Amino acid sequence: MSAIDPTTGPCPCGRTDRRDKPIGYALCCGRYLDDFENTPAPDAESLMRSRYSACVLERAEYLLATWDAAKRPASIEFEPGVKWLGLDIRSRSVLDADHAEVEFVARQRSAATGAATRLHERSRFVREGARWFYLDGDLQQPLA
């Protein structure tokens, strides 16, 4: 588990304010993770960021709850000791009022091997009522 203090530390998603200062977890993804029932992420990018924070903090229940029911896995397992290295939002596209895409790169380092890996994905999101859900995504291959 990460050593981030969720009440006072910067948000794991790396979001910054207009002065490029890190936004605290409680004011960023924490409000969605810690009050899921009453505070849904307002858009696909915020949901993407909060899902990354949930990975960092090993919050499987949030990841499952924000996954579209038609595509949701039965469970999520976390690699022990993995170190998350950062999230980079490459692009965001609102396709219509209920569909959006977010392209991102998430980096992590394996505790078992020490190898750093990148997950580069174009994710699809769907809105049902007032709540956004992760639908699925396409892995992006590095340019040769």
Side-chain angles (χ1 to χ4, degrees), residues 1-68 71-73 76-144:
M1 175 95 86
S2 172
I4 293 170
D5 179 346
T7 60
T8 61
C11 192
C13 82
R15 191 178 287 225
T16 58
D17 65 16
R18 292 179 189 177
R19 297 173 311 202
D20 208 29
K21 302 280 186 206
I23 297 175
Y25 170 80
L27 295 175
C28 193
C29 295
R31 57 192 160 158
Y32 312 128
L33 273 82
D34 297 338
D35 190 20
F36 175 76
E37 291 300 321
N38 300 309
T39 311
D43 53 52
E45 180 184 351
S46 296
L47 181 61
M48 175 63 242
R49 288 179 174 279
S50 66
R51 287 175 56 83
Y52 173 83
S53 293
C55 286
V56 172
L57 299 171
E58 297 185 356
R59 301 278 298 270
E61 72 284 353
Y62 183 81
L63 291 168
L64 291 170
T66 57
W67 212 311
D68 184 76
K71 304 270 185 154
R72 181 183 308 139
I76 295 174
E77 300 295 323
F78 295 101
E79 178 186 339
V82 71
K83 178 170 177 51
W84 289 91
L85 305 172
L87 174 68
D88 179 28
I89 302 294
R90 297 287 177 93
S91 67
R92 58 205 63 71
S93 303
V94 175
L95 305 177
D96 61 37
D98 297 323
H99 299 87
E101 294 182 345
V102 178
E103 182 180 349
F104 71 91
V105 175
R107 300 179 336 261
Q108 67 177 10
R109 182 174 310 281
S110 169
T113 66
T117 58
R118 295 167 30 112
L119 171 64
H120 184 177
E121 182 178 289
R122 178 173 291 279
S123 298
R124 285 180 283 280
F125 296 86
V126 61
R127 186 170 66 170
E128 296 174 11
R131 194 171 292 277
W132 285 93
F133 293 92
Y134 171 75
L135 185 59
D136 59 17
D138 296 321
L139 292 177
Q140 305 295 298
Q141 299 301 319
L143 297 175

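Note that this is a predicted model, so its numbers are computed, not measured. Position 1 is the first residue of the sequence; numbering continues from there.
A ring-ring contact (aromatic ring centres under 6.0 Å, His included) with Y52 is found for exactly one of Y134, F104, W84, namely W84. When each of R15, R19, K21 is tested with D17 by the rule side-chain hydrogen bond (donor to acceptor under 3.5 Å, both in side chains), just one qualifies, namely R19. When H99, R92, M48 are each tested for a side-chain contact (heavy atoms from CB on, under 4.5 Å) with F125, only one passes: M48.
In this structure, the separation between CZ on R90 and CG on D88 is 4.5 Å, given to the nearest 0.5 Å. Separating the CZ atom in R107 from the NE2 atom in H120 is a distance of 12.5 Å, to the nearest 0.5 Å. Taking SG of C13 as the start and CD1 of I23 as the end, the distance is 7.5 Å to the nearest 0.5 Å. The CD atom of E121 lies 13.0 Å from the CZ atom of R118; values are rounded to the nearest 0.5 Å. Residue R127 holds its CZ atom at 12.5 Å from CG of L47, rounded to the nearest 0.5 Å. Atom CZ of residue F133 and atom CG of residue D68 lie 7.5 Å apart, to the nearest 0.5 angstrom.
Every side chain to side chain contact (heavy atoms under 4.5 Å, CB included) that T117 has, sequence neighbours left out, goes to Q108. Among residues two or more places apart in sequence or in another chain, the side chain to side chain contact (heavy atoms under 4.5 Å, CB included) test is passed with P22 by P10.
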side-chain contact (heavy atoms from CB on, under 4.5 Å) assessment of V94 paired with D43: CA-CA 9 Å; V94 175; D43 53 52; over 6 Å; no
Test side-chain contact (heavy atoms from CB on, under 4.5 Å) applied to I76 and L64, step by step: CA-CA 8 Å; I76 295 174; L64 291 170; 3.8 Å; yes
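Here the closest heavy-atom approach between residue E79 and residue A111 is recorded as OE2-N, 3.6 Å. For the residue pair R131 and P40, the shortest heavy atom distance occurs at NH1-CB, 3.5 Å. Considering all non-hydrogen atoms of both residues, P42 and Y32 come closest at CD-OH, 3.2 Å.
The main-chain N or O of A115 is found under 3.5 Å from a side-chain atom of T113 such that the two form a donor-acceptor pair. Of the possible polar contacts, one joining the T66 side chain to the L63 backbone as a donor-acceptor pair under 3.5 Å is found. Side-chain N or O atoms of R109 include one that pairs as donor or acceptor with a backbone N or O of G114 at under 3.5 Å. The closest donor-acceptor contact from the side chain of R124 to the backbone of D136 lies at 3.5 Å or more, if one exists at all. Remark: the backbone N or O of L27 is paired with a side-chain donor or acceptor of R31 at under 3.5 angstrom. Without hydrogens or angle criteria, S53 side chain to S50 main chain gives no donor-acceptor distance under 3.5 Å.
Within a 6.0 Å radius of CD in E77, other residues, nucleotides and ligands contribute 12 heavy atoms or fewer.
A salt bridge between R59 and D34 is present, with a side-chain N of the basic residue lying under 4.0 Å from a carboxylate O of the acidic one. A salt bridge does not link R122 with D138: none of the charged nitrogens is closer than 4.0 Å to a carboxylate oxygen.
L57 has its side chain within reach of Y25: a pair of non-hydrogen atoms, C-beta onward, lies under 4.5 Å apart. Using a 4.5 Å heavy-atom cutoff, the side chains of I89 and V102 are in contact.
Using a 3.5 Å distance cut-off with no hydrogens or angles, the side chains of S123 and E103 do not pair a donor with an acceptor.
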